Amino acid sequence: MSEENIEPKIDEPKSLNFIEQIVEEDLNSGKHGGRVQTRFPPEPNGYLHIGHAKAFCLDFGIAQEYGGKCNLRFDDTNPITEDTSYVDAIRKDIKWMGFEWDDREYYASDYFDQLFEFALKLIQKGKAYVCDLSADEVNATRGTDFEPDKPSPYRDRSIEESLDLFQRMKNGEFPNDSKTLRAKIDLASTNMHMRDPILYRIRHAHHHRTGDKWCIYPMYDWAHGQSDSIEGITHSLCTLEFVPHRPLYEWFIAELGIFPSRQIEFARLNLSYTIMSKRKLLQLVNEGHVSGWDDPRMPTLHGLRRRGYTPASIRAFTELVGIAKRENVIDVALLEFCVREDLNKLAPRVMAVLNPVKLIIDNYPGAQVEELETVNNPEDESAGTRKMPFSRELFIERDDFMEDPPKKFFRLSPGNEVRLKSAYIIKCESVVKDVNGEITEIHVTYDPSSHSGSGEAQRKVKGTLHWVSAPHALNAEVRLYDRLFNDSDPDGHKEQNFKEFLNPDSLTILKNCKVEPSLKSVKDLDHLQFTRLGYFSVDTDSTPDALVFNRTVGLKDTWAKLNG
RNA sequence: UGUCCUGUGGUGUAAUUGGCAACACGUCUGAUUCUGGAUCAGAAGAGUCUAGGUUCGAGCCCUAGCAGGACAACCA
């Protein structure tokens, strides 16, 4: 093959993020025999949000890119807050996003026995001890940045005694919180995590998987690294807040002499005008500020799905935001760009009038109904065409008419001409108002020779309006969403609670919308473009007799921008 | 006060062993358009936190500062 002479391809090496660089270095040096194994370790205590999507797109993406595998591992070490309903929701989200983990669905709780054995080993080495101090008492021994912790009075208890007590802790002989197992490391470390961290606590609680088998549960640090090691994870990717945990992660692996997984930290995703804290999102749900985890205003994957976001658009987004170690705030406009770009290619165009006003074509035969052909998606010829009924009485958007328009208003106004999309050119002759001065009817005449697509149709007019035939229109409810918060960083104020920035107008429900008859048969979560308005999807509340649409995102609107 | 991490256009991410800062979003022009969408063409916008130093040459190396963030749960 020598066609490089015809089109010399300058194969610029794709620029790698710092994690890809590390992986490639490891591959080149033959570390782990060229094996790449990652994992995504959600805690089943809440719903996944778009920040998690960034993380698991990375985890699964790195594995895919380098011929490796990515495990799904539920980090279920805290039975009090965790639940199988979350497990199911998380599974659904990851699948929806397009990732597969085959049979590699693991649970930290799968390793409780192994972890117990590891703990025994640590005690035997004199590197861990059972401590009888209460939480308050432990806190009282805590030093400061430059003062070491005071040693627990149980720190030097014999190996035999710790072994015995630990076994009895496991057997359920002690009440909750009465004892802990702690690693014996360095009370003077500048890293607080190394000051005899707690490995196990006593919780007589029912676990969603292990039931009542255990009454001692491992802490994050003790469970996570060892779980990675057990699974042979080569690159354990996590967010920045775990940087100070890394020395402990490595200490456990070294003391236990087990497979050396490597923890690598990157900066979590922050999105402007939204919050990403699971705890705070839960608060919004519990306090009724939103309708649930899948409220379309939520940054959860459940919320985004219901809002009409596509997996492809979210994947593209996580790709565009990049991976680095520097704190970042991504403009929500980038997310919106990603959905628009995706939906522009695949969403069928349909006519919907959100704020209808009646338009009457005075010179159109009263009983006549035409079936006008229109293209389903100008960006995709294969989407074909469909027919739409056209008649003497139509609905158009109230905003598309102005009695006294400013310059550059390309829409309908007295004496002015516009085209009705896929139909005729019309001219406004008069308006009818009610007692309050509200316009109730707009009377126009049409030019029969201007039929869309006909030879006579070449005449140009400035504006094109969408419309729906009044006798054929379907009623619909349309829910418009705006950002949930008015502040670009609702969680970034020391003095003010994030809830003070909730946007009271984040949801607008329009009940009197008119949509074209073809929408009779839409299905949940179908994506559509309402011509000239934006991308919409069918809400899960929708039924054939009571259509409900969510606005995913508006079209770019330079007219609105001009008018502030 | 301590330790650790991070500082590149408005935002985010790049810049192969040091070689005169690139891409995307956003913004602004213009063309085109039966969606004020899309598309196409173009522009503005950083001299890389600061100050020194090494070098023919530094965003990349060295030194000293400064700024922001993280950590001090029997949460993960």
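Residue numbers start from 1 in every chain, and the chains themselves are labelled A, B, ... in the order their sequence lines are given, proteins ahead of strands. Note that the structure is a prediction, hence the values are computed from the model and not measured.
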**Item:** Residue of the set A:Glu231, A:Arg39, A:Gln263 for which side chain to side chain donor-acceptor pair (under 3.5 Å) holds with A:Ser236
**Value:** A:Arg39

**Request:** Find the distance A:Glu24:CD to B:U16:C1' and express it as a whole number of Å.
**Result:** 12 Å

**Prompt:** Looking across every strand, which nucleic acid part, if any, lies under 4.0 Å from A:Val461 by heavy atom: base, sugar-phosphate, or nothing?
**Reply:** nothing

**Request:** Pick base, sugar-phosphate or nothing for A:Lys421, based on heavy-atom distances below 4.0 Å to the nucleic acid.
**Result:** base

**Complete:** Protein-proximity profile, nucleotides 20-33 of chain B, B/S/- by nucleotide at the 4.0 Å heavy-atom cutoff, equals -----S-SS-----

**Smallest separation among heavy atoms of A:Ala383 and A:Asn376, with atom names** = O-ND2, 2.8 Å

**Message:** Rounded to whole Å, please give me the gap between NZ in A:Lys345 and P in B:G37.
**Reply:** 19 Å

**Asked** Given B:G36, is OP1 or OP2 found less than 4.0 Å from the side-chain N or O atoms of A:Arg532?
**Response** yes

**Asked** Quick one: on RNA chain B, does A:Leu420 or A:Gly322 contact a more 5' nucleotide (nearest heavy atom)?
**Response** A:Gly322

**Message:** What I want to check is whether an N or O donor and acceptor connect the side chain of A:Gln529 with the base of B:U35 at under 3.5 Å.
**Reply:** yes

**Prompt:** Is A:Arg483 close enough and on-axis enough to A:Tyr273, meaning under 6.0 Å and within 45°, for cation-pi?
**Reply:** yes

**Base-pairing string, 5' to 3', of RNA chain B - Watson-Crick or wobble, under 3.5 Å, | interstrand** = .((((((..((((.....[..)))).(((((.......))))).....(((((..]....))))))))))).....

**Prompt:** Distance under 6.0 Å and angle within 45° of the ring axis: does A:Arg203 meet both against A:Tyr217?
**Reply:** no

**Prompt:** Is the closest basic N to carboxylate O distance between A:Lys387 and A:Glu371 below 4.0 Å?
**Reply:** no

**Asked** So does A:Glu265 pair up with A:Arg246, basic N to acidic O under 4.0 Å?
**Response** yes

**Message:** Expressed as a whole number of angstroms, how long is the span from A:Leu240:CG to B:C5:C1'?
**Reply:** 6 Å

**Asked** Between A:Glu327 and A:Arg268, does at least one N-O distance fall below 4.0 Å, as a salt bridge requires?
**Response** no

**Request:** Would you kindly check if the NZ (Lys) or CZ (Arg) of A:Lys170 is within the cone defined by 45 degrees around the ring axis of A:Phe116 and under 6.0 Å from the six-membered ring centre?
**Result:** yes

**Message:** Quick check against the 3.5 Å criterion: does A:Glu319 have a side-chain atom that pairs as donor or acceptor with the backbone of A:Arg315?
**Reply:** no

**Prompt:** Are the charged groups of A:Arg459 and A:Glu417 less than 4.0 angstrom apart, N to O?
**Reply:** yes

**Request:** Please report, rounded to the nearest Å, how far the P atom of B:U11 is from the CZ atom of A:Phe317.
**Result:** 16 Å

**Note: A:Asp228-A:Arg73 ion pair, threshold 4.0 Å (strictly below)** = yes

**Item:** Sequence-aligned protein contact record of nucleotides 71-76 of chain B, with B where the base is within under 4.0 Å of a protein heavy atom and S where only the sugar-phosphate is
**Value:** SB-BSB

**Asked** Would one find a side-chain N or O of A:Gln21 under 4.0 angstrom from OP1 or OP2 of B:A14?
**Response** no

**Asked** Hey, is the side chain of A:Arg326 pairing donor to acceptor with the base of B:U8 inside 3.5 Å?
**Response** yes

**Message:** Using a 4.0 Å heavy-atom cut-off, does A:Arg182 contact any base of the nucleic acid, only the sugar-phosphate backbone, or nothing at all?
**Reply:** nothing

